[in-house]
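The model shown is predicted, which means the values in this text are computed figures rather than measured ones. Proteins come first, then strands; the chains are lettered A, B, ... in the order of their sequence lines, and each starts at number 1.
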Amino acid sequence: MSKFLERCKGNKDSVGAYAVQCGECSKWRFIPTKEEFESIRHNFIEDPWYCNKKPGVTCDDPADLEYDNTRIWVFDKPNIPKAPPNTERMLIMRRDCSKMDAHYIMPNGKKVRSGVEVEKFLEAYPEYKGKISPSSFSFTVPKVMDERSPRKFEAKASPSSNKRLKISTKKE
DNA sequence: GCCACCGGTGGC
DNA sequence: GCCACCGGTGGC
């Protein structure tokens, strides 16, 4: 048990902040926690997000942040299942910021990197069978926007998308 | 010996 | 061309 806590402490993921784009005014708003972000994300297509879902906020308020080069932006796919109870979905940025890697920390502190590894985990620890559904894991990684090519950046900035993002803390 | 990290690749 | 997945390894 203490092993689990130690691991978690040192095993922070690379995301520095979470934000979501309003489906009405297209402004970006911070989402305070990973848990809340994952809740918004898991059914984002059927249930898009609007400014007024944030307490005391409307579309008339200025955006929390702008989509620009001052941060490294990383766009999630919508409708990624919420991480199962007592598991945590981790996203780790590569040193060169080329891409991220996804894994989950399981309730006993073990790490899994793919659906196959989830199956192997459930074989190795059958006490979790039935409690943890293999289908609620997603190893899809977010898309890293390339800050060195502004053209690509601007192209992706057009608000046709219903995507949302994360921002890494990576300090340059 | 472990594990974080990175490179390669096969399938789409 | 992209990306999910996995093997190798270097540093601890």
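Listed candidates were dA4(C), dC6(B), dA4(B). Nearest to the side chain of Lys111(A) is dA4(B). Among dC5(B), dC6(C), dA4(C), the nucleotide with an atom closest to any side-chain atom of Val116(A) is dC6(C).
Met90(A) has its CE atom 18 Å from the P atom of dA4(C), to the nearest Å. For the pair Arg95(A) CZ and dG10(C) P, the interatomic distance rounds to 14 Å; values are reported in whole Å. Computed from coordinates, the Ile92(A) CD1 to dA4(C) P distance equals 16 Å when rounded to whole Å. The CZ-P distance, from Phe137(A) to dA4(C), rounds to 17 Å in whole Å. The distance between atom CG of Asp101(A) and atom P of dC5(B), rounded to the nearest whole Å, is 9 Å. Summarising the geometry, the separation between CE on Met100(A) and P on dC5(C) is reported as 17 Å, rounded to the nearest angstrom. Separating the CZ atom of Arg113(A) from the C1' atom of dG7(B) is a distance of 12 Å, rounded to the nearest angstrom. If you take NZ of Lys110(A) and P of dA4(B), they are 11 Å apart, rounded to a whole angstrom.
Between the side chain of Lys99(A) and the base of dG8(B), a donor-acceptor pair under 3.5 Å is found.
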Would you sort out whether Tyr18(A) and Asp76(A) count as a side chain to side chain contact (heavy atoms under 4.5 Å, CB included), showing the intermediate values? CA-CA 10 Å; Tyr18(A) 301 90; Asp76(A) 260 337; over 6 Å; no
Side chain to side chain contact (heavy atoms under 4.5 Å, CB included), that's the test. Do Phe137(A) and Arg89(A) meet it? Break it down for me. CA-CA 9 Å; Phe137(A) 292 81; Arg89(A) 187 171 188 270; over 6 Å; no
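Using a 4.5 Å heavy-atom threshold, the side chains of Ile92(A) and Ser14(A) count as touching. Ile40(A) is not listed as a side-chain neighbour of Lys53(A), based on a closest heavy-atom distance of 4.5 Å or more. His103(A) places a side-chain heavy atom less than 4.5 Å from the side chain of Ile105(A).
Below 30°, between 30° and 60°, or above 60°: for Trp73(A) and Tyr67(A) the angle between ring planes is above 60°, a perpendicular geometry.
Between Arg94(A) and dC5(B), a side-chain N or O to OP1/OP2 separation shorter than 4.0 Å is absent.
Ion pairing of Lys34(A) with Asp13(A) is present here, as a side-chain N (NZ or NE/NH1/NH2) and a carboxylate O approach within less than 4.0 Å.
Residues of residues 117-127 of chain A that place a heavy atom closer than 4.0 Å to DNA chain C do not occur.
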